[in-house]
Undergrad: 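Here you go, one structure.
Values below: all heavy atoms of this structure, side chains included; hydrogens, waters and symmetry mates excluded. Since we're looking at a predicted model, the values are computed, not measured.
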Amino acid sequence: MDEVIKIVNDIKAGNIKPIYFLMGEEPYYIDKLSDYIEQNVLTEEEKGFNQTVLYGRDVTIDDIVSTSKRYPMMADRQVVIVKEAQDLSRTIDKLESYVDNPMESTVLVFCYKYKTLDKRKKVTKLLGQKGIVYESKKLYENQVGDWIKRVLSGKKYSIEPKATAMLVEFLGTDLSKINNELEKLHIILPVGSTINPQHIEENIGFSKDFNNFELLNALGSRNQAKAFHIAQYFANNPKANPLVVTTSTVFGFFVKILKYHGLKDRNPSKVASALGVSPYFLKDYDVALKNYPMKKVSQIITSLRNVDVKSKGVGASMSQSDLLKEMLYTIFN
């Protein structure tokens, strides 16, 4: 995020490079940077003749170079944006000659999503010398919560930890999806609001009571009634709560508990870092640590592997309801 801010600030200051190669697994920042250049480098009057958007599936490198070599009309520069540039991955090396001597009056932007260039290639090195190469990396799940808080803080909103956990659980690490849902909340809630689980449930559609986060809480505290109640809800709503996701989530939870048992340094900040969880939720892991000895955790992990195999139709043909019950019986007994 700091690199994105620097690129934007440089553009604001007039330090504009002739080429921006935006690549990587996370499309969110690629889109944000591309949109910023598209909206801000040229004035509205200049855009008509001097801003061109191309798509990788429709053009060749020669087409892009030809367009980039044109001179701007009644403006200091032109902007050429190549979206879905990953479709040109097989011929991207042909860009070398242009990158070696780019038009200073052209701002050429590549949106190269879900892939990265080989850093050993000559074209990659030239791009870094003559312009900007930005790699947008996928965030790990335990990093997304902080990202949500930063985005909301910038727009004068805050969010409760449980609401953050719900967003991450249901939307994963897809920043674009998460941002779209946050935008909905910005429309509904006044500036300065604190987003809570009720807001998530009412406006985005995720249940604040029946989700994997609440299931883990029930398992960790050995609240059998709550756990079986949630499991029944999952069984009645299998499309919204696929067993493979639930099994994976529960498996990950107990793997963290096993790891926690093996930690010598129980300093909370170090434990949270080692487990990859928010310090806010560490109390739930402390409870589970007391409720499940290391030997029992090892047995649970083995049984969860068996449930996962059965859920994929190997060795048994059982309903989601029966598999969920088997999982819970194994954990609690």
Undergrad: Looking only at the aromatic ring of each residue, does the gap between the centers of W147 and Y140 stay below 6.0 angstrom?
TA: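 For Y140 and W147, the ring centres are not under 6.0 Å apart.
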Undergrad: Can you list, by chain and residue number, the hydrophobic cluster partners of I187 when the side-chain cut-off is 4.5 Å?
TA: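 Reading the cluster by chain and number, I187 sits alone, since nothing else belongs.
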Undergrad: Is it possible for you to say whether I19 and V53 belong to one hydrophobic cluster, with membership spreading through side-chain heavy-atom contacts below 4.5 Å?
TA: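 As far as the 4.5 Å side-chain criterion goes, V53 and I19 are not connected within one cluster.
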Undergrad: Should M23 and Y114 count as side-chain neighbours, where that means a heavy-atom distance under 4.5 Å?
TA: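 M23 does not reach Y114 side chain to side chain.
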Undergrad: Among side-chain atoms of Q86 and E84, is any donor-acceptor pair under 3.5 angstrom?
TA: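 Looking only at side-chain atoms, E84 and Q86 do form a donor-acceptor pair, the distance falling under 3.5 Å.
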Undergrad: Taking H261 for its side chain and L258 for its backbone only, find out whether a donor-acceptor pair lies under 3.5 Å.
TA: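 No, the answer is negative, given that no donor and acceptor are paired below the 3.5 Å cut-off.
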Undergrad: From K113 NZ over to Y28 OH, what is the distance, rounded to the nearest 0.5 angstrom?
TA: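 Separation between the atoms: 12.5 Å.
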Undergrad: Assess the side chains of D62 and T60: does a donor N or O sit below 3.5 Å from an acceptor N or O?
TA: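 Side-chain D/A pair, D62 to T60: absent.
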Undergrad: Between Y329 and F228, does the ring centroid distance fall short of 6.0 Å?
TA: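 They qualify: ring centres under 6.0 Å apart.
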Undergrad: Between the side chains of K6 and D10, is the shortest nitrogen-to-carboxylate-oxygen separation below 4.0 Å, so that they form an ion pair?
TA: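 Salt bridge: yes.
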Undergrad: Any ion pair linking K122 and D93 (charged N to carboxylate O, less than 4.0 Å)?
TA: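 No, this pair does not count.
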Undergrad: Distance-only, no hydrogens or angles: does the K156 side chain make a donor-acceptor pair with backbone N or O of V191 under 3.5 Å?
TA: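 Not a single qualifying donor-acceptor pair exists.
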Undergrad: Between Y233 and N236, is there a side-chain heavy-atom distance shorter than 4.5 Å?
TA: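 No - every pair of side-chain heavy atoms lies 4.5 Å or more apart.
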Undergrad: For the backbone of L219 and the side chain of Y292, can you confirm whether one donor and one acceptor N or O come within less than 3.5 Å of each other?
TA: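 Judged by distance alone, yes, a pair lies under 3.5 Å.
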Undergrad: Does one hydrophobic cluster hold both L328 and V287, with members joined at side-chain heavy-atom distances below 4.5 Å?
TA: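 Different hydrophobic clusters.
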Undergrad: Test I7 against Y36 for side-chain contact (heavy atoms from CB on, under 4.5 Å), laying out the working first.
TA: CA-CA 10 Å; I7 292 171; Y36 183 82; over 6 Å; no
Undergrad: Could you label the plane-to-plane angle of the F210 and H229 rings as parallel, tilted or perpendicular, counting under 30° as parallel and over 60° as perpendicular?
TA: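 Because their plane-to-plane angle is over 60°, the rings of F210 and H229 count as perpendicular.
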Undergrad: Check whether any side-chain N or O of S34 sits under 3.5 Å from a backbone N or O of D31 as a donor-acceptor pair, and report yes or no.
TA: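 A pair under 3.5 Å: no.
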Undergrad: Taking atom CZ of R266 as the centre, does the number of heavy atoms from other residues, nucleotides or ligands within less than 6.0 Å exceed 12?
TA: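 Yes, the 6.0 Å shell around CZ holds more than 12 heavy atoms from other groups.
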Undergrad: Evaluate I92 against L117 for side-chain contact (heavy atoms from CB on, under 4.5 Å), listing each step before the verdict.
TA: CA-CA 9 Å; I92 202 71; L117 293 179; 4.0 Å; yes
Undergrad: For Y285 and Y260, I'd like to know if the aromatic rings sit close, meaning centre-to-centre distance below 6.0 Å.
TA: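 Between Y285 and Y260, the centre distance exceeds or equals 6.0 Å.
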Undergrad: How about F332: does its CZ atom have over 12 heavy atoms from other parts shown lying under 6.0 Å from it?
TA: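 Yes, CZ of F332 has more than 12 neighbouring heavy atoms, counting only those of other groups under 6.0 Å.
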Undergrad: Do the charged groups of E38 and K83 touch, with an N to O distance under 4.0 Å?
TA: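 Salt bridge present between E38 and K83.
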Undergrad: Quick one: do R57 and D87 make a salt bridge, cutoff under 4.0 Å?
TA: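 Between D87 and R57 there is no salt bridge, as every charged N stays at least 4.0 Å from the carboxylate O atoms.
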Undergrad: Below 4.5 Å, heavy atoms only, C-beta onward: do I148 and V168 meet side chain to side chain?
TA: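 Contact flag for I148/V168 side chains = yes.
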Undergrad: Do K32 and E26 meet the salt-bridge criterion of a basic N to acidic O distance under 4.0 Å?
TA: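 A salt bridge is absent here (no side-chain N lies under 4.0 Å from a carboxylate O).
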Undergrad: Surrounding CG of D35 (heavy atoms of other residues, nucleotides or ligands, distance under 6.0 Å), is the total greater than 12?
TA: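 Atom CG in D35 is crowded, with more than 12 foreign heavy atoms closer than 6.0 Å.
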Undergrad: Whether the side chain of N15 engages the backbone of I11 through a donor-acceptor N/O pair (distance < 3.5 Å, no angle test) should be reported.
TA: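 Side chain of N15 to backbone of I11, a donor-acceptor pair under 3.5 Å: no, none is there.
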Undergrad: Any side-chain heavy atom of V79 within less than 4.5 Å of one from T52?
TA: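 V79 vs T52: side chains apart.
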Undergrad: Any salt bridge linking K137 with E25? Criterion: basic side-chain nitrogen under 4.0 Å from a carboxylate oxygen.
TA: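 The answer is no: the pair does not qualify as a salt bridge.
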Undergrad: For salt bridge (charged side-chain N to carboxylate O under 4.0 Å, His left out), just list the numbers for E214 and K208, CA-CA rounded to whole Å, side-chain angles, deciding distance to a tenth of an Å, and then say yes or no.
TA: CA-CA 8 Å; E214 288 298 328; K208 66 182 176 60; over 6 Å; no
Undergrad: Between T246 and N212, does any side-chain donor sit less than 3.5 Å from a side-chain acceptor?
TA: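 A donor-acceptor contact under 3.5 Å links the two side chains.
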Undergrad: Minimum heavy-atom separation for L42 to E46, with atom names?
TA: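 Distance-wise, the nearest heavy atoms are CA-OE1, 3.5 Å.
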Undergrad: Take a 6.0 Å sphere around NZ of K94 and say whether it holds more than 12 heavy atoms from other residues, nucleotides or ligands.
TA: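 No, NZ of K94 has 12 or fewer neighbouring heavy atoms, counting only those of other groups under 6.0 Å.
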Undergrad: Same hydrophobic cluster for I230 and V307, using side-chain heavy-atom links shorter than 4.5 Å among ILVMFWY?
TA: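 Yes; tracing contacts between hydrophobic side chains, which count when under 4.5 Å, links both residues.
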Undergrad: Verify the distance criterion only: is there a donor paired with an acceptor across the side chains of S97 and D100 at less than 3.5 Å?
TA: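 Side-chain D/A pair, S97 to D100: absent.
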Undergrad: Side chains of L126 and Q129, heavy atoms from C-beta outward: is any pair under 4.5 Å?
TA: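 Yes, close enough: below the 4.5 Å cut-off.
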Undergrad: Are the side chain of Q320 and the backbone N or O of N241 linked by a donor-acceptor pair below 3.5 Å?
TA: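 Such a contact is found between Q320 side chain and N241 backbone.
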Undergrad: Tell me whether F110 is reachable from V4 by hopping between hydrophobic residues (I, L, V, M, F, W, Y) whose side-chain heavy atoms are closer than 4.5 Å.
TA: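 Different hydrophobic clusters.
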Undergrad: Test side-chain contact (heavy atoms from CB on, under 4.5 Å) on Y157 and H186 and set out the steps.
TA: CA-CA 8 Å; Y157 289 84; H186 294 159; 3.5 Å; yes
Undergrad: I'd like to know whether N223 forms a side-chain hydrogen bond (donor to acceptor under 3.5 Å, both in side chains) with S221, so could you lay out the CA-CA distance, the side-chain angles of the two residues, the decisive distance to 0.1 Å, and finally the verdict.
TA: CA-CA 5 Å; N223 186 335; S221 60; 5.0 Å; no
Undergrad: Is a donor from one side chain sitting under 3.5 angstrom from an acceptor on the other, for K149 and T164?
TA: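 No, no side-chain donor-acceptor contact under 3.5 Å.
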Undergrad: Could you check whether any side-chain heavy atom of I132 comes within less than 4.5 Å of a side-chain heavy atom of F21, counting everything from C-beta outward?
TA: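 Side chain of I132 against side chain of F21, heavy atoms only: no contact under 4.5 Å found.
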Undergrad: Under 3.5 Å, is there a donor-acceptor pair between the side chain of S193 and the main chain of L189?
TA: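 No; zero donor-acceptor contacts below 3.5 Å.
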Undergrad: Look at atom CZ of R150 and say whether more than 12 heavy atoms of other residues, nucleotides or ligands are closer to it than 6.0 Å.
TA: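 More than 12 within 6.0 Å, yes.
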Undergrad: Within this structure, what is the CG-NZ distance for the pair N179 and K184, rounded to the nearest 0.5 Å?
TA: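 It comes to 11.5 Å.
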Undergrad: Can you tell if the side chain of V107 reaches within under 4.5 Å of the side chain of I81, non-hydrogen atoms only?
TA: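 Counting from C-beta outward, V107 and I81 never come under 4.5 Å.
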Undergrad: Side chains of K226 and N217: do they bring a donor and an acceptor to under 3.5 Å?
TA: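 Judged by distance alone, the side chains do pair up.
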Undergrad: When you look at Q78 and Y71, which way does the side-chain contact (heavy atoms from CB on, under 4.5 Å) test go after all the steps?
TA: CA-CA 7 Å; Q78 69 159 335; Y71 287 97; over 6 Å; no
Undergrad: Are K119 and E135 within salt-bridge range, i.e. N to O under 4.0 Å?
TA: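 Between E135 and K119 there is a salt bridge, with a charged N closer than 4.0 Å to a carboxylate O.
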Undergrad: Is any side-chain heavy atom of Q198 closer than 4.5 Å to one of E160?
TA: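 No, every pair of side-chain atoms sits at 4.5 Å or beyond.
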Undergrad: Is L215 reachable from I331 through a run of hydrophobic residues whose side-chain heavy atoms are each under 4.5 Å from the next?
TA: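 Both belong to a single hydrophobic cluster.
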Undergrad: Donor-acceptor check, side chain of K47 to backbone of Q39, threshold 3.5 angstrom: yes or no?
TA: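 Answer holds: yes.
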Undergrad: How many angstroms lie between CD1 in I204 and CD in E181, if you round to the nearest 0.5 Å?
TA: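 Spacing of CD1 (I204) from CD (E181) equals 4.5 Å.
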Undergrad: Look at the side chain of N142 and the backbone N and O of V277, then say whether any donor-acceptor pair between them is shorter than 3.5 Å.
TA: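 No, the answer is negative, given that no donor and acceptor are paired below the 3.5 Å cut-off.
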Undergrad: With rounding to the nearest 0.5 Å, note down the distance linking NE2 in H199 to CG in N196.
TA: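 If I round to the nearest 0.5 Å, the distance is 4.5 Å.
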Undergrad: Do we see a donor-acceptor contact under 3.5 Å between the side chains of T106 and R70?
TA: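 On atom types as modelled, these side chains do not qualify, holding no pair under 3.5 Å.
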Undergrad: Determine whether a donor-acceptor pair (N or O, by modelled atom type, separation under 3.5 Å) exists between the side chain of T124 and the backbone of D118.
TA: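 Checking the backbone N and O of D118 against the side chain of T124, a donor-acceptor pair under 3.5 Å is found.
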Undergrad: Inspect the contact between K130 and E104 and indicate whether a charged nitrogen and a carboxylate oxygen are less than 4.0 angstrom apart.
TA: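 No salt bridge links E104 with K130.
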Undergrad: Has K177 got more than 12 heavy atoms of other residues, nucleotides or ligands less than 6.0 Å from its NZ?
TA: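 Atom NZ in K177 is not crowded, with 12 or fewer foreign heavy atoms closer than 6.0 Å.
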Undergrad: Quickly, which of D308, I300, V250, N306 forms a side-chain contact (heavy atoms from CB on, under 4.5 Å) with M327? Name it, please.
TA: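 Testing M327 for a side-chain contact (heavy atoms from CB on, under 4.5 Å) against D308, I300, V250, N306 leaves exactly one candidate, V250.
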